[in-house]
Amino acid sequence: MKSRTKVVVIGGGIAGCSTLYHLTQEGWSDVVLVERDELTSGTTWHSAAQVTNFGMTQTMVGLKSHSIALYKKLRDDPDYPVGYHHGDGGIRLANTEAQMQGYRHFASMARGMGVEYEVIDAEECARRHPLISTKNLLGGLWDGEDGDIDPAQLCQALAFHARKAGAEVYRNTPVTGLTQHKDDTWTVHTQHGDIDCDVVVNAGGYRVNEVGAMMGVQHPVASMEHQYFITDDIPAIAKAGHRMPLLRCPISDYYSRQEKGGLLVGFYEQDCKTWGMDGISPGFSNDLCPDDLDRVMDVLEGAFERMPVLAEVGIKRIVNGPITYTIDGAALVGPIPGKRNAYCIIGLRAGLGEGGGHGWLLAQQIVHGEACYDTWVIDPRRFTGHATVELTARKAIEDYQNEFRFHFPHEHRPAGRNAKTTPLTPVLAAEGAEFTVVNGWERVDYIKPSPDFHPSLSFNFDEAFHVVAAEVQNVATNVGLTEVNGFNRIEITGADRHAFLDRMICGTVTARAGRVGLGYLLNHQGCIKSEATVANLPASDRGPERVWYGSAAASEYHDIDWLTVHLEPGEDVQLRSLTNDQTILVLAGPKARAVLSDCARGDWTAEAFSWLSVRECCIGFAPATVMGISFSGELAYEIHVPNASLYAAYLVLREAGEAHGLKLFGARAVDSMRMEKGFLHWKADLITEFDPFETGLSRFIKLDKGEFTGRTALLKRQEIGPGRKLATLRIEAQHAPVHPGASLMRGDNVVGTITSGDYGHRVGMNLGYAFIAPELARTGAAMELDLCGERVGAKIIEPSPYDPDFERMRS
Ligand SMILES: Cc1cc2nc3c(=O)[nH]c(=O)nc-3n(C[C@H](O)[C@H](O)[C@H](O)COP(=O)(O)OP(=O)(O)OC[C@H]3O[C@@H](n4cnc5c(N)ncnc54)[C@H](O)[C@@H]3O)c2cc1C
């Protein structure tokens, strides 16, 4: 066994084997995989091993396409062929028009990744899958690439090729401890000795938290028991003359695929069970949970109705094994928050379909610092302090019970709610607030017109459309108040704070006390890593001169890691998170100044406190820090208040607002208004696949200011020219917003991809942002949008159609 290597991957299931293989593909051959038992002795060996190409985001589709391409290559490799039934096809069934519309959107989205799904009717489903009945069926989504693979052969082949490239695999070698050294390298302690390394990767499957505990981390991953059975041979299959496609049923939560001459049918029952919550026996290896078919009777019935032939065949074998889940069902692949040189590839619930792609994207991150796609949807840092294993278990149960029921736009399911709240949450709920969830925070979405107001789940504009319109109207004519909780706030102190930020940000951001600036942080590829407001607070009785760095709520762990890792030795900079201590109340609208003046001492005129100013004050008696910042395009103030004083400040603002027509508004109104202003959202419009030139942020770049993170790469990208350009579009449809991922077309060619969309109530336009082929990215260019299967006109307009000279927010 080596005593030193570059990377140690812990775990030899599909996650670990794929990572090891892809590290060698990215050029790192001095890498090692350590497995406590034999390869695939965790979950992988007994997997149903279906490999599908379906994903709800382009990153998921892209990584699954990579799995399929890789598995085909391995299948055709004469040295070590893998059993892979590629191209049996698969159908996701639907019995509601809303589901069918969702499938049409996913087809539009996947087209941008070069993947063609088909949305077919019930008769066509039955033609392609001769065992199913069309009763209570509208149709389905056809994915021609679907198939299944031999999971053990796949892992052995990945290990074989990795070994051939120089990697080593140590079987029957349990990892017993991890030690991190001052220089951020690691020692991996195993039963057979220690291995020093630069980087560790946790690929421990359902033992993820045993490995996590070795580095003092609890990963938000929980396991569920999951069962399938295999039937005896079915004569109708032999007669069909082709292999049966895969089937996924959101009506009754089961799946099936062909297994030899019969079917494999797997179940997601309502009466489901977590597994291993109180610890896992060390001897549970190559093992299964006891069969319990009684538990799945509810969904079994649905499967029998859809495939009546199941009632006539015997069951050959039952498999019940643990499967890992996360809070949102997607895996955790990337850097472990708060740690250096430590990565994970865990929480895989469809590890065979996704594992090839996950290992690929992880290896790229380890070797190059970033992957070819923006990987936020699988980034471990997307969950923060609320993400306990207990919360994960509740979400896992909910997810399991809804396995094939995708989330609709604006849908937030009930499990694990109220994970993060402020003292105002119950107050706003009593005011009729409907909440959306942002990084666990309950944030006001809009104020319901009546307690029983429940808009339908749909890809069209829902019944809240007019409610949001009225909130926007009041903000535009009077004044609105909303709470923006969870906004990521880092206090930066120390003499070198400005030099540090100047190095991290690609433009020049003001260092003047009392002023606020906006800046963009780039990665080492010259693309967008983060967006931050930098507020320079003067010295006061509340502290010395300091910077408040503000960024998106979801970026809490992401940004602090990125900033921390770039601190230089000896630099006098201290970072302290205030995210959980301070909450923003946003006061927006032409009468915002009047309300503020009524509750806080001092001169708030435009001359004394202009746009992009910051000042400490009291709202009534509650300490507050006010910034002249607007995301709505109206005159607006962000009022930052410590949570302990939040209710007091809120009461004062509400009372003062009464004379000025103040009403509450929510995140949906904000989203509508920001679309009218050309303002961008992190991880929707601001992603690591594009640089600030492509994203239309040239005015925030200062190439001649000296070195900054990402500058060299940005200069190179500038030479090559843009791959895509962000543009604002007017969409000629009144019934539905555009959804992220949707494809913009010219004839049969995809010429762009939507990143955000919403109706602009003040300008009366349905708006979208999209990254567009550069030759088309000019005002007036016309194209078509595939809006849930319907071709509608789309035209590029100038950004910020509402108040393009920004006079209202500066007033
Ligand atoms: C019944 C069932 C059906 C499924 N069907 C499908 C399907 O059709 N399609 C699909 O894509 N997915 C399916 N899955 C899910 C899929 O099988 C898993 O997502 C995948 O196998 C997980 O792989 P992994 O590498 O993350 O974990 P594992 O396979 O569990 O691998 C983890 C490895 O880490 C090792 N390990 C743990 N601790 C240590 C330690 N301290 N030291 C060294 N090694 C350690 C373990 O021994 C194990 O080998 C199914 C799962 C189940 C249970």
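Side chains included, hydrogens not; waters and symmetry mates left out as well; all remaining heavy atoms used. Whatever order the structure lists them in is the order used to number ligands and atoms, beginning at 1.
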(request) Identify which of Arg36, Gln227, Glu35 has a heavy atom lying nearest to atom 35 (C) of ligand 1. (result) Glu35
Going by atom type alone, with no hydrogens or angles, which donor-acceptor pairs under 3.5 Å involve a side-chain atom of residues 321-333 and a protein atom two or more places apart or on another chain?
{"residue": "Thr324", "atom": "OG1", "partner": "Leu348", "partner atom": "N", "Å": "3.2"}
{"residue": "Thr324", "atom": "OG1", "partner": "Leu348", "partner atom": "O", "Å": "3.0"}
{"residue": "Tyr325", "atom": "OH", "partner": "Glu403", "partner atom": "OE1", "Å": "2.6"}
{"residue": "Thr326", "atom": "OG1", "partner": "Asp328", "partner atom": "OD1", "Å": "3.3"}
{"residue": "Thr326", "atom": "OG1", "partner": "Gly329", "partner atom": "N", "Å": "3.1"}
{"residue": "Thr326", "atom": "OG1", "partner": "Ala330", "partner atom": "N", "Å": "3.4"}
{"residue": "Thr326", "atom": "OG1", "partner": "Ala330", "partner atom": "O", "Å": "2.6"}
{"residue": "Asp328", "atom": "OD1", "partner": "Ala330", "partner atom": "N", "Å": "3.1"}
{"residue": "Asp328", "atom": "OD1", "partner": "Arg382", "partner atom": "NH2", "Å": "2.8"}
{"residue": "Asp328", "atom": "OD2", "partner": "Arg382", "partner atom": "NE", "Å": "2.9"}
{"residue": "Asp328", "atom": "OD2", "partner": "Arg382", "partner atom": "NH2", "Å": "3.4"}

(request) Evaluate the criterion side-chain hydrogen bond (donor to acceptor under 3.5 Å, both in side chains) for residue pair Ser65 and Asn53; output intermediate values, then yes/no. (result) CA-CA 6 Å; Ser65 294; Asn53 209 8; 3.2 Å; yes
(request) May I ask you to list the atoms of ligand 1 that are less than 4.0 angstrom from any heavy atom of Val34? (result) 43 (C), 44 (N)
(request) Could I get the full list of salt bridge (charged side-chain N to carboxylate O under 4.0 Å, His left out) partners for Glu269, not counting sequence neighbours? (result) Arg295
(request) Could you check if a side-chain atom of Ile68 sits within less than 4.5 angstrom of a side-chain atom of Tyr84, using non-hydrogen atoms only? (result) yes
(request) Would you please indicate if the ring centroids of Phe383 and Tyr557 are separated by under 6.0 Å? (result) no
(request) Could you tell me whether Arg207 approaches ligand 1 through its side chain, its backbone, both or neither, with non-hydrogen atoms closer than 4.0 Å? (result) side chain
(request) Decide whether the shortest distance between a heavy atom of Gly266 and an atom of ligand 1 is less than 4.0 Å. (result) no
(request) May I ask you to check whether Gly16 has an N/O atom sitting below 3.5 Å from an N/O atom of ligand 1? (result) no
(message) Under 4.0 Å, counting heavy atoms only: does His226 come that close to any atom of ligand 1?
(response) yes
(request) Specify side chain, backbone, both or neither for Pro151, according to which of its non-hydrogen atoms lie closer than 4.0 Å to ligand 1. (result) neither
(request) Give yes or no for whether the N/O distance cutoff of 3.5 Å, strictly under, is met between Gly351 and ligand 1. (result) yes
(request) Answer yes when Arg317 and Glu259 have at least one side-chain N-carboxylate O distance shorter than 4.0 Å, and no when they do not. (result) no
(request) Show your working on side-chain hydrogen bond (donor to acceptor under 3.5 Å, both in side chains) between Glu38 and Asn172 and close with a plain yes or no. (result) CA-CA 6 Å; Glu38 291 294 341; Asn172 301 306; 3.3 Å; yes
(request) Say whether Ala203 and ligand 1 are in contact under the criterion: heavy-atom distance to a ligand atom below 4.0 Å. (result) yes
(message) I need the nearest protein heavy-atom contact for atom 3 (C) of ligand 1: residue, atom name and distance, please.
(response) Ala48 N, 3.4 Å
(request) Could you tell me the residue and atom name of the protein heavy atom closest to atom 34 (O) of ligand 1, and the distance to it rounded to 0.1 Å? (result) Gly11 CA, 3.2 Å
(message) To check your reading of the model: name the closest protein heavy atom to atom 21 (O) of ligand 1, its residue, and the distance in Å.
(response) Thr44 OG1, 2.9 Å
(request) For atom 27 (O) of ligand 1, grab the closest protein heavy atom and report residue, atom and distance to one decimal in Å. (result) Gly205 CA, 3.4 Å
(message) Using heavy atoms and a 4.0 Å limit, tell me yes or no: is Trp45 in contact with ligand 1?
(response) no
(request) With heavy atoms only and a cut-off of under 4.0 Å, state how Arg349 meets ligand 1: side chain, backbone, both or neither. (result) backbone
(request) Look at atom 13 (C) of ligand 1 and say which protein heavy atom is nearest, naming residue and atom and giving the distance to 0.1 Å. (result) Ser47 OG, 3.1 Å
(request) May I ask you to check whether Ile10 has an N/O atom sitting below 3.5 Å from an N/O atom of ligand 1? (result) no
(request) State plainly whether the residues Glu168 and Arg163 are in salt-bridge range, i.e. N to O under 4.0 Å. (result) no
(request) For the pair Asp79 and Lys164, find out whether any cationic side-chain nitrogen is under 4.0 Å from an anionic carboxylate oxygen. (result) yes
(message) Is there a polar contact between ligand 1 and Ala15, counting only N or O atoms under 3.5 Å apart?
(response) yes
(request) Enumerate the atoms of ligand 1 whose separation from the nearest heavy atom of Tyr228 is less than 4.0 angstrom. (result) 1 (C), 3 (C)
(request) Around atom 42 (N) of ligand 1, find the nearest protein heavy atom and jot down its residue, atom name and distance. (result) Val175 N, 3.0 Å
(message) So if I count the atoms of ligand 1 from 1 in the order they appear, which ones are less than 4.0 Å from some heavy atom of Gly321?
(response) 53 (C)
(message) Minimum distance, heavy atoms only, to atom 51 (C) of ligand 1: which one of Ile323, Val319, Leu352 is it?
(response) Ile323
(message) What I want to know is whether Glu210 and ligand 1 share at least one N or O pair that is separated by under 3.5 angstrom.
(response) no
(request) Please lay out, stage by stage, how Thr179 and His189 fare under the test side-chain hydrogen bond (donor to acceptor under 3.5 Å, both in side chains). (result) CA-CA 8 Å; Thr179 305; His189 309 285; 2.6 Å; yes
(request) Mark the output for Pro322 as yes if a heavy-atom distance to ligand 1 is under 4.0 Å, and as no if none is. (result) yes
(message) Would you say Glu354 and His358 are linked by a side-chain donor-acceptor pair, where the criterion is simply a distance under 3.5 Å?
(response) yes
(request) Report, in ascending order of atom number, the atoms of ligand 1 lying under 4.0 Å from any heavy atom of Pro174. (result) 42 (N)
(message) For atom 9 (N) of ligand 1, what is the closest protein heavy atom, and at what distance to 0.1 Å?
(response) Gln50 O, 3.0 Å
(request) Indicate whether any N or O donor in one side chain lies under 3.5 Å from an N or O acceptor in the other, for Asp30 and Thr5. (result) yes
(message) Between Tyr255 and His226, is the ring centroid distance below 6.0 Å?
(response) yes
(message) Looking only at side-chain N and O atoms, does Asp196 offer a donor or acceptor that is under 3.5 Å from a partner on Thr187?
(response) yes
(message) One thing to verify: whether Asp88 and Arg243 come together as a salt bridge, which I'm taking to mean a side-chain N less than 4.0 angstrom from a carboxylate O.
(response) yes
(request) Please write down residue, atom name and distance for the protein heavy atom closest to atom 53 (C) of ligand 1. (result) His46 CE1, 3.3 Å
(message) So if I count the atoms of ligand 1 from 1 in the order they appear, which ones are less than 4.0 Å from some heavy atom of Leu348?
(response) 18 (C), 19 (O)
(request) Would you sort out whether Glu124 and Arg128 count as a salt bridge (charged side-chain N to carboxylate O under 4.0 Å, His left out), showing the intermediate values? (result) CA-CA 6 Å; Glu124 188 57 21; Arg128 296 186 192 193; 2.8 Å; yes
(message) I'd like to know if the side chain of Gln270 and the backbone of Gln401 have a donor-acceptor N/O pair within less than 3.5 Å.
(response) yes
(message) Please report whether ligand 1 has a polar contact with Met214, defined as an N or O pair separated by less than 3.5 Å (distance criterion only).
(response) no
(request) For ligand 1, find out whether one of its N or O atoms is nearer than 3.5 Å to an N or O atom of Thr43. (result) yes
